[in-house]
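Read through the structure below, which is laid out as structure tokens, and then see the notes.
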Amino acid sequence: MSIGLAIVGAGYWGPNLVRTALATPAFRLDWLCDLQVERARAILGPYTTVRLTDSYEEILSDPDTAAVAIATPAATHFDLVRSALEAGKHVLVEKPLTASVAEGEKLASLARHSGLVLMCDHTYCYTPAVQRIRELIRGGEIGDIQFIDSVRINLGLVQPDVDVLWDLGPHDLSILDFVLPEDVTPVAVAAHVGDPIGAGRACLAYLSLWLSNGALAHVHVNWLSPTKIRTTVFGGSRRTIVWDDTNPAGRLAVHDRGVDTLGVGSLPQDQRRQALISYRIGDTLIPALPEREALLSVMAEFSAAISENRLPLTDAQAGLRVLKLLEAASRSVDGGGARISLNGVAE
Ligand SMILES: NC(=O)c1ccc[n+]([C@@H]2O[C@H](COP(=O)([O-])OP(=O)(O)OC[C@H]3O[C@@H](n4cnc5c(N)ncnc54)[C@H](O)[C@@H]3O)[C@@H](O)[C@H]2O)c1
């Protein structure tokens, strides 16, 4: 039996949910809802059995619709998700989960107590590249994480409601959350932002994250770059992964190169540096990756979590962990770029 699904939001991202939901046999797309119903009509065209509406209440009162996927602006997520859960619907919501940690916590608790699925669309976690990176890191292939450097810059739409940290940051932060070993977590963040075009909100941001194992991660997100760069380097003590998402022929490269540190034993301080460092020059491996659209995997995971009555891979807690980093980053910006520990204290 297919699961009745409604999609809410037919703007920039909603059509991708529509296309992939229609290609997912486990779902039966019942409804497409947008306050501007003409947008929804334009996506579906004249020959469709999917019903259109501008009334969210109409969807929530349809007993045949068991699940809702929400692609509306972040500020609307809390109210829409809460009323869907209260109406007994499973929910897939776009990133970021909500506009604040407090709201996210309320939704996570509501989902837990209702036994309904609440999944956050952290799309990149479902790409074959990120899934392989997770295997390589968590399987110990690259050794201990020493540094992470992520650049996600291009000419992006300046969003009316969120700054670049809250728009693009969730991608990098959800990827870090997904691939890092469970015992390596961010302990503090600092963010520095710029708005050189006077948009009234940050259009570029540099985010530093200190990790519990002593490693440092850095994320650069930017709407103003004429060139598109989407590269992340995961530096490890044994190997280093370079992920270039703009290069389909070789998205991932695993370099067996790096710096080996030798035991310093009881060497005096002045002889330590030379004894410490030795450079290792080895092979580079290009892992073969399946080509599969991430959103199809998102839909598959959402439907499987509903049918198997289990938590999805990117559940409300994953959404919350990302929100905590975003909120701390915003606090850092407000404090002139101060380092903020993840229990909220400026250091
Ligand atoms: N996963 C990804 O890679 C990805 C990419 C882009 C955007 N997004 C996310 O998707 C969400 C939507 O972004 P967008 O760029 O498509 O926004 P958008 O402004 O282009 O579209 C939002 C649509 O939602 C409709 N809407 C707003 N409030 C509504 C309500 N209460 N009921 C029904 N319809 C309503 C608007 O009329 C509009 O058509 C955001 O959370 C964004 O972060 C995710």
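Given the structure is predicted, the values throughout are model-derived calculations rather than measurements.
- Here the closest heavy-atom approach between residue Val101 and residue Glu327 is recorded as N-OE2, 2.8 Å.
- Both Val8 and Ile3 sit in one connected hydrophobic cluster of ILVMFWY residues. Membership requires side-chain heavy atoms under 4.5 Å apart, directly or through other members.
- Ile229 and Leu168 fall into different hydrophobic clusters, defined by Ile, Leu, Val, Met, Phe, Trp and Tyr side-chain heavy atoms under 4.5 Å apart, directly or through other members.
- Taken to the nearest 0.5 Å, the CZ atom of Arg19 stands 13.0 Å off from the CG atom of Leu29.
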Check: Step by step, would you call Val164 with Cys203 a side chain to side chain contact (heavy atoms under 4.5 Å, CB included)?
Finding: CA-CA 5 Å; Val164 71; Cys203 294; 5.5 Å; no

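- Using a 4.5 Å heavy-atom cutoff, the side chains of Val254 and Pro287 are in contact.
- For Glu141 (side chain) and Ile137 (main-chain N/O), no donor-acceptor pair under 3.5 Å exists by modelled atom type.
- For the side chain to side chain contact (heavy atoms under 4.5 Å, CB included) test with Leu176, the passing option among Leu209, Ile145, Val184 is Leu209; the others fail.
- Val233 is not connected to Val221 by any chain of hydrophobic side-chain contacts under 4.5 Å among Ile, Leu, Val, Met, Phe, Trp and Tyr, and they are in different clusters.
- When all heavy atoms of Ala305 and Leu311 are compared, the closest pair comes out as CB-C, 4.4 Å.
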Checklist line | Trace of the side chain to side chain contact (heavy atoms under 4.5 Å, CB included) decision for Leu80 with Thr72 | finding: CA-CA 9 Å; Leu80 294 177; Thr72 58; 3.3 Å; yes

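- A salt bridge is absent between Arg238 and Asp144; no separation between the charged side-chain nitrogens and carboxylate oxygens falls under 4.0 Å.
- Here the side chains of Thr231 and Trp243 are not in contact, with every heavy-atom distance at 4.5 Å or above.
- In this structure, Val298 and Met119 have side chains that are in contact, with non-hydrogen atoms separated by less than 4.5 Å.
- Distance check: Glu293 CD to Tyr126 OH gives 14.5 Å after rounding to the nearest 0.5 Å.
- Here the side chain of Thr65 pairs no donor or acceptor atom with the backbone of Ala67 at under 3.5 angstrom.
- Atom CZ of Phe234 sits about 12.5 Å away from atom CZ of Arg134, to the nearest 0.5 Å.
- When all heavy atoms of Gln317 and Ala108 are compared, the pair lying nearest together is NE2-CB, 3.9 Å.
- The shortest distance between side-chain heavy atoms of Cys33 and Asp54 does not fall below 4.5 Å.
- Residues Trp210 and Ser341 have side chains that never bring a donor and an acceptor to within less than 3.5 angstrom of each other.
- Panel note: side chain Arg331, backbone Leu326; no donor-acceptor pair is recorded below 3.5 Å.
- Of the candidates Leu204, Leu173, Leu207, Leu165 forms a side chain to side chain contact (heavy atoms under 4.5 Å, CB included) with just one, namely Leu207.
- Contact check on Arg41 versus Glu38 returns a salt bridge, with a Lys/Arg side-chain nitrogen under 4.0 Å from an Asp/Glu carboxylate oxygen.
- A distance of 8.0 Å separates OG1 in Thr284 from CG in Asp256, rounded to the nearest 0.5 Å.
- No side-chain heavy atom of Arg28 sits less than 4.5 Å from a side-chain heavy atom of Leu5.
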Check: When you look at Arg138 and Val179, which way does the side chain to side chain contact (heavy atoms under 4.5 Å, CB included) test go after all the steps?
Finding: CA-CA 7 Å; Arg138 294 197 167 191; Val179 303; 6.0 Å; no

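- Minimum interatomic distance between Thr232 and Ile148 (heavy atoms only, all atoms of both residues): CG2-CG2, 4.0 Å.
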Next item on the list: Step by step, work out the ring pair (Phe, Tyr, Trp, His ring centres under 6.0 Å) result for Phe27 and Phe302.
Entry: CA-CA 10 Å; Phe27 284 122; Phe302 185 38; 5.6 Å; yes

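- Rounded to the nearest 0.5 Å, atoms CG (Asp167) and CZ (Arg152) are 10.5 Å apart.
- Aromatic pair His220/Tyr206: ring centres closer than 6.0 Å.
- Under a 3.5 Å cut-off, the side chain of Glu301 and the backbone N or O of Pro312 do not form any donor-acceptor pair.
- Not one N or O on the side chain of Arg257 forms a donor-acceptor pair closer than 3.5 Å with the backbone of Asp283.
- Checking each of Thr53, Val68, Leu52 against Trp31 for a side chain to side chain contact (heavy atoms under 4.5 Å, CB included) leaves exactly one that passes, namely Thr53.
- Residues Asp121 and Leu295 are in side-chain contact: their nearest non-hydrogen atoms beyond the backbone lie under 4.5 Å apart.
- For the atom pair Lys89 NZ and Ile59 CD1, the distance stands at 9.0 Å (nearest 0.5 Å).
- Asp163 contributes a side-chain N or O that, together with a main-chain N or O of Trp166, makes up a donor-acceptor pair within less than 3.5 Å.
- Summarising the geometry of Ser174 relative to Cys125, their closest heavy-atom pair is O-SG, 3.6 Å, with the distance given to 0.1 Å.
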Note to self: Would Val189 and Arg339 count as a side chain to side chain contact (heavy atoms under 4.5 Å, CB included) here? Give the steps.
What the structure shows: CA-CA 6 Å; Val189 305; Arg339 174 174 150 136; over 6 Å; no

Next item on the list: Determine, stepwise, if the pair Asp245 / Arg251 fulfils salt bridge (Lys or Arg N to Asp or Glu O under 4.0 Å).
Entry: CA-CA 5 Å; Asp245 206 34; Arg251 283 190 211 279; 3.2 Å; yes

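- The hydrophobic clustering, which links ILVMFWY residues whose side-chain heavy atoms are closer than 4.5 Å, places Ile197 and Val162 together.
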Next item on the list: Apply ring pair (Phe, Tyr, Trp, His ring centres under 6.0 Å) to the pair His171 and Tyr124, showing each step before the final yes or no.
Entry: CA-CA 7 Å; His171 293 310; Tyr124 278 95; 5.0 Å; yes

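- Judged purely by atom type and a 3.5 angstrom limit, Thr24 uses its side chain to pair as donor or acceptor with the backbone of Thr20.
- Not one N or O on the side chain of Thr240 forms a donor-acceptor pair closer than 3.5 Å with the backbone of Gly235.
- Follow the hydrophobic side-chain contacts under 4.5 Å out from Leu289 and you reach Leu136 in the same cluster.
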Notebook entry, point to check: Can you check salt bridge (Lys or Arg N to Asp or Glu O under 4.0 Å) on Arg132 and Glu135, steps first, answer last?
Noted result: CA-CA 5 Å; Arg132 180 62 68 87; Glu135 281 167 24; 3.6 Å; yes

Notebook entry, point to check: When you look at Arg82 and Asp79, which way does the salt bridge (Lys or Arg N to Asp or Glu O under 4.0 Å) test go after all the steps?
Noted result: CA-CA 5 Å; Arg82 184 183 53 182; Asp79 284 339; 3.4 Å; yes

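- Here the side chain of Asp34 pairs no donor or acceptor atom with the backbone of Ala40 at under 3.5 angstrom.
- Put simply, the side chain of Ser332 gets close to the backbone of Ala338: a donor and an acceptor are under 3.5 Å apart.
- The number of heavy-atom neighbours closer than 6.0 Å to CG of Leu157, taken from other residues, nucleotides and ligands shown, is 12 or below.
- With contacts defined as side-chain heavy-atom distances shorter than 4.5 Å, the pair Asn154/Ser225 does not qualify.
- Between Leu116 and Gly88, the shortest heavy-atom distance links the atoms CD2-O, 3.4 Å.
- Side-chain contact between Leu17 and Glu94 is present, with at least one heavy-atom pair separated by less than 4.5 Å.
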